[in-house]
Amino acid sequence: MDIFAELDWRGLVHQTTDPQNLRQWLSEGSKIVYAGFDPTSDGLHVGNFVPLMMLRRFQKAGHRPIVLAGGATGMIGDPSGKSEERNLLSAEQIEHNLEGITHELGQFLDFDGPQAARLVNNYNWMKEWDYLTFLRDIGKHFPVNVMLGKESVKARLEETEAGMSYTEFSYMLLQAYDFVHLRKTHGCGLQVGGSDQWGNITAGIELARRMGEGGLHGLTCPLLTKSDGTKMGKTEQGAIWLSPKKTSPYVFYQYWYNTEDADVDACLRMLTELSEKEILSLADERANAPQQRRSQQELASSLTRLVHGDEGLQKANKASEVLFGATIEQMSDADLTDIFADVPSQELARDQLANEGLSIIEALCQSGLAKSKSDARRTVDQGGAYVNNRRVEDQSRSLTQADLASETVMVLRSGKKRYALLKFV
RNA sequence: GGGGGGUUUCCCGAGCGGUCAAAGGGGUCAGACUGUAAAUCUGAUGGCAUAGCCUUCGCAGGUUCGAAUCCUGCACCCCCCA
């Protein structure tokens, strides 16, 4: 399989050091490819997805991936694509972040077999350097005028008033040296990354050449952006994370399911492992029957399965079904807790359900769905109140044992999507 | 220092001394429609024991049967002249 051709049709090739040679080089046999991830937060998010998948694709095509966790570079802060100097993360924070992301990185790659992936941390080799030696051995190879010409630096100096510290300015040296180091110790010949990494990657190649290691390659993929120009993976509630602890499989699934028609094709190509044929056929279906949302379904399913496994996908599916209208009854507490993991819940005394029961108005207030009783009444009046996904039309309705959806839980909803759980214990 | 204008419900903004919980717009919420989209349409949008009552119009007093509307003082904002 020609990996380069595949990356090409997927739209993953943004810039390369030399398309002809790179393609040739890749076809010669199993190569070592690396991508770096800085521990700027304690988990991976959708923004890390594309480079991760790149490595995965390389591995599947018979190459060996190296994942570099930036324990050292993370301490400095990459200025690429940042308009302002950032606050330094504390050493403990970085340690914590590294722990978080390293194990997540693992799940995308195969760490066994002949193409076993490797995980390295650049802190392990950077910590050996002392300042003077680094300046003499590495810094000497970096002409400042070239560094000033790099987009990451230029943008900061020319287009903003933010300026840049010597620390961030030096970031490039560290990442450049990583490449050289991996070349020497692992025989790594290609670095991949997002398009904002181009400057850092070429700096590495340049450094290697000056240090007597020629023939390195670089490849960047486009940043995944939506048709409106905003970044993929950001919502008003924050980033979409890969860890189920930070973003539930359901929210993850829904995020992709709601992808705009205009964006879904690029997502399918860049993020999934569906074949070109499948993707073209989805494009066809989308053109003929957009309301079926088959593309979105495939995208959401395939990514959820990849990140959260079959079980996670099932949960997300079940949750979607329930959250979008299926009536809720005869379920277990465990099921409901799972499905409504992201939904606020309140505990109430069980005896509130006895006798007359709890009025729907009161219940809406208690659950936080209504700001006041008037608000609750309005909601009911307007037909926006639901118990266990059944509409409640009568203000005087009261809730009793019979309205429990499971052993102890009742599911309230206001409007289309706002849910709350009441637990009666 | 002198003069003028302003401060209204989530935001903007209208508001003859009674018919003002306060126009209109935005936002938000709900409903219909729909593709879990966009657009559109309808309704709602201080609180409560909801045919009624209570609390709101910068703050504190006052006039009046009655004040967001008039008067006095205070605070903050804007403009003009020095």
Side-chain angles (χ1 to χ4, degrees), chain A residues 46 225-237 240 247-268 281-305 308 312-328 339-344 352 356-398 411-420:
Chain A
V46 165
T225 52
K226 294 194 242 181
S227 48
D228 62 7
T230 58
K231 274 188 196 167
M232 204 77 206
K234 291 261 191 271
T235 68
E236 280 168 32
Q237 286 78 42
I240 297 291
T247 299
S248 71
Y250 165 72
V251 169
F252 185 85
Y253 180 91
Q254 284 294 324
Y255 179 79
W256 298 109
Y257 193 92
N258 284 308
T259 306
E260 300 282 329
D261 288 1
D263 300 321
V264 74
D265 191 64
C267 289
L268 284 166
S281 128
L282 282 171
D284 246 21
E285 287 192 58
R286 197 166 57 247
N288 295 324
Q291 70 280 12
Q292 297 291 319
R293 301 168 72 74
R294 288 270 302 125
S295 299
Q296 282 86 346
Q297 257 169 42
E298 282 300 324
L299 177 67
S301 300
S302 130
L303 294 184
T304 307
R305 190 185 297 113
H308 299 293
L313 176 58
Q314 267 174 31
K315 279 187 193 173
N317 273 327
K318 178 76 182 162
S320 300
E321 193 182 300
V322 166
L323 286 159
F324 284 91
T327 51
I328 303 166
I339 291 172
F340 292 98
D342 307 303
V343 158
Q352 300 225 42
E356 330 277 81
L358 179 67
S359 85
I360 179 68
I361 303 298
E362 186 62 31
L364 284 170
C365 291
Q366 290 287 336
S367 69
L369 290 177
K371 288 197 292 283
S372 64
K373 291 189 181 175
S374 300
D375 193 20
R377 288 203 175 85
R378 267 194 298 274
T379 305
V380 175
D381 267 353
Q382 295 177 144
Y386 301 79
V387 173
N388 302 329
N389 276 346
R390 284 207 189 82
R391 182 178 281 176
V392 172
E393 311 199 351
D394 182 4
Q395 280 193 16
S396 59
R397 170 89 147 77
S398 65
V411 182
L412 297 187
R413 181 177 129 211
S414 163
K416 283 196 196 326
K417 293 184 185 174
R418 287 174 62 224
Y419 279 89

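Source: prediction; values computed, not measured. All values below were derived from every heavy atom in this structure, side-chain atoms included, with hydrogens, water molecules and symmetry-related copies excluded.
The interatomic distance linking A/Asp375 (CG) with B/U9 (C1') rounds to 16 Å, in whole Å. One interatomic measurement links the two molecules: CD of A/Gln292 to P of B/G35, which rounds to 9 Å at whole-angstrom precision. Residue A/Lys417 contributes atom NZ, which lies 5 Å from atom C1' of B/U36 at whole-angstrom precision.
Between A/Arg418 and B/U28 there is no side-chain polar atom (N or O) within less than 4.0 angstrom of OP1 or OP2. For the OP1/OP2 pair of B/G47 and a distance below 4.0 Å, the side-chain nitrogens and oxygens of A/Arg378 include at least one atom meeting the criterion. For the pair A/Lys373 and B/A49, the criterion of a side-chain N or O lying under 4.0 Å from OP1 or OP2 is met.
A stacking contact links A/Tyr257 to B/U36: the aromatic ring centre lies within less than 5.5 Å of the base's six-membered ring centre, and the planes differ by less than 30°.
Among the heavy atoms of the strands, none lies under 4.0 Å from A/Thr379.
Straight-line distance between the P atoms of B/G13 and B/G6: roughly 13 Å, to the nearest whole Å. Atom name P, nucleotides B/C11 and B/U63: the rounded distance is 33 Å, in whole Å. Comparing the P positions of B/U56 and B/A51 gives a spacing of 22 Å, expressed to the nearest Å.
A donor-acceptor pair shorter than 3.5 Å can be found between the side chains of A/Ser320 and A/Gln254.
Residues from residues 386-394 of chain A that place a heavy atom under 4.0 Å from any atom of RNA chain B, listed by number: A/Tyr386, A/Arg391.
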